[in-house]
Amino acid sequence: MAIKSGRYGTVKYDPAGVTPVALISLNGWKLSLKTDYEDVTCFGDSNKVYVPGMRDVSGSLTGFWNSTNVVLFEATEAATPGKLELAPNSGEPTFTFSGLAYLDADIDCSLSAPKVSGSFKAAGPWVLAP
Amino acid sequence: MSSNRFVFSGLEELKAQLRALPAALAGEGGHLVEGHANGAAATIKAGYPARSGELRDKLEVEHQTSAFGARSVVRNRSKYADEFEYGSQARHTAIGANRGSMPPNPLFTQTIRQRRRAMYADLQGLLERHGLEVTGDAE
Amino acid sequence: MPSNSSDIDSALVTKLGADAALLALLPHGAHWDEAPPGSTRFVIVSLVDAADEPMQGGCAYEDALYLVKAVALSTAGADMKAAEARIKALLEDQALVVAGYTWMTLHREARIRRTEVDDADPSIRWYHRGGHYRLQMAPS
């Protein structure tokens, strides 16, 4: 498999949590899968030893304001999580990170094109497909 | 009385890093600014026509650095620099040759703008490497 | 309709060249980069710098800086002040209609004013007056 470009990445979201649909005018997303570690180093160990805790799934989105698709802002009012699906490259549509998530958003309206950013946190189990 | 204690480790190292941050950023940032200015000048020089050499010879770069910042200025002191950049109409040279009109050639402006965009991206990377979060645009 | 950046250039030249008030001041019309030989009062439009702002799956918008200036021979009797003002009135915050694009912004970023003096005959002078105009168009 070759290295692909993030230029063709996609972000899809469904507030109903079933079938995500593309959010438009985005230019980046980040996903963090950080895990906490507990230090369980004991006497006699030759180096520090850790055990992992739970994975913390969260991330962010960036893009431009586009009045034809305000789903991101509507999601900030949702009382229930929607399904978020992130793909690094639309040419490999089966490779996705997805799961239920709560979203929030910011908009920065300056003299240039208004910029939109958002962040999300997992609201259920996340999977890497395939 | 409670016997709980909060212990923060690494605070002295953090303070030392924060004190050194401006100088570190100025040092590395200065190199980036100078590099982009020199690169811009080289691109512009290479793009100028080589007839009398006036446009190439009169292109200069000036660097100024301090503990907290860096500034580089690229300028062309040739009297023909404006004409080359903005275009000129039917004209004659000092020895009377008719040169005709010349369309605008924004080599200088375009190169500076492109290099400035690249410099801002590199400066953003520098700040992020030092653990800072960067938002917004430089211009 | 697929977008073509050259259509933006053409639309700018056409808009300036079709304005009766501007033509009255600069009767030799608006031209890209160069006016035809013999022209003494005209508008020049030229591309200074351009960058495409990317987004996932395409181009979010095209960001271009244009040089737009009135040019006139000193003996042609052009009202350069009025010409520059008319150019600004036609462009500043005025929508530009281009097939395949949605207009975002058009505004002047900087003035330009210079007098070009002929090397051999200093009585031959050309006046240049106009500005750098920022035009952003989003492919639709």
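Just so it is clear, the values below take in all heavy atoms, side chains as well, and ignore hydrogens, waters and symmetry mates. Protein chains get the first letters and strands the later ones, always in sequence-line order, with residue 1 at the start of each. Just so we're clear, the structure is a prediction, and the values are computed from it rather than from any experiment.
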Student: Would you say NE2 of B:His31 has more than 12 non-hydrogen atoms from neighbouring residues, nucleotides or ligands within 6.0 angstrom?
Tutor: no
Student: Can any side-chain N or O of B:Glu83 pair as donor or acceptor with the backbone N or O of C:Glu116 at less than 3.5 Å?
Tutor: no
Student: Has B:Arg71 got more than 12 heavy atoms of other residues, nucleotides or ligands less than 6.0 Å from its CZ?
Tutor: no
Student: Can you tell me if B:Gln110 uses its side chain to pair, donor with acceptor, with the backbone of C:Val48 under 3.5 Å?
Tutor: yes
Student: Which atom names give the shortest non-hydrogen contact between B:Arg117 and C:Ala50, and what distance separates them?
Tutor: NH2-O, 3.9 Å
Student: Output a table of donor-acceptor pairs, distance under 3.5 Å, between side-chain atoms of residues 71-81 of chain C and any protein atom two or more places apart or on a different chain; print 'none' if there are none.
Tutor:
residue : atom : partner  : partner atom : Å
C:Ser74 : OG   : C:Arg125 : O            : 3.2
C:Asp79 : OD1  : C:Lys81  : N            : 3.4
C:Asp79 : OD1  : C:Ala82  : N            : 3.1

Student: Do the side chains of C:Phe42 and B:Gln89 get nearer than 4.5 Å, heavy atoms only?
Tutor: yes
Student: Which atom names give the shortest non-hydrogen contact between C:Arg114 and B:Gly87, and what distance separates them?
Tutor: NH1-O, 3.2 Å
Student: Do B:Pro104 and C:Ile44 have side chains that approach each other closer than 4.5 Å (heavy atoms only, starting at C-beta)?
Tutor: yes
Student: I'd like to check the side-chain contact (heavy atoms from CB on, under 4.5 Å) partners of B:Val61; sequence neighbours left out, ordered by chain and number.
Tutor: B:Ala37, B:Asn38, B:Ala41, B:His63, B:Val74
Student: Taking atom OH of B:Tyr86 and atom NE2 of C:His128, what is their separation to the nearest 0.5 Å?
Tutor: 11.5 Å
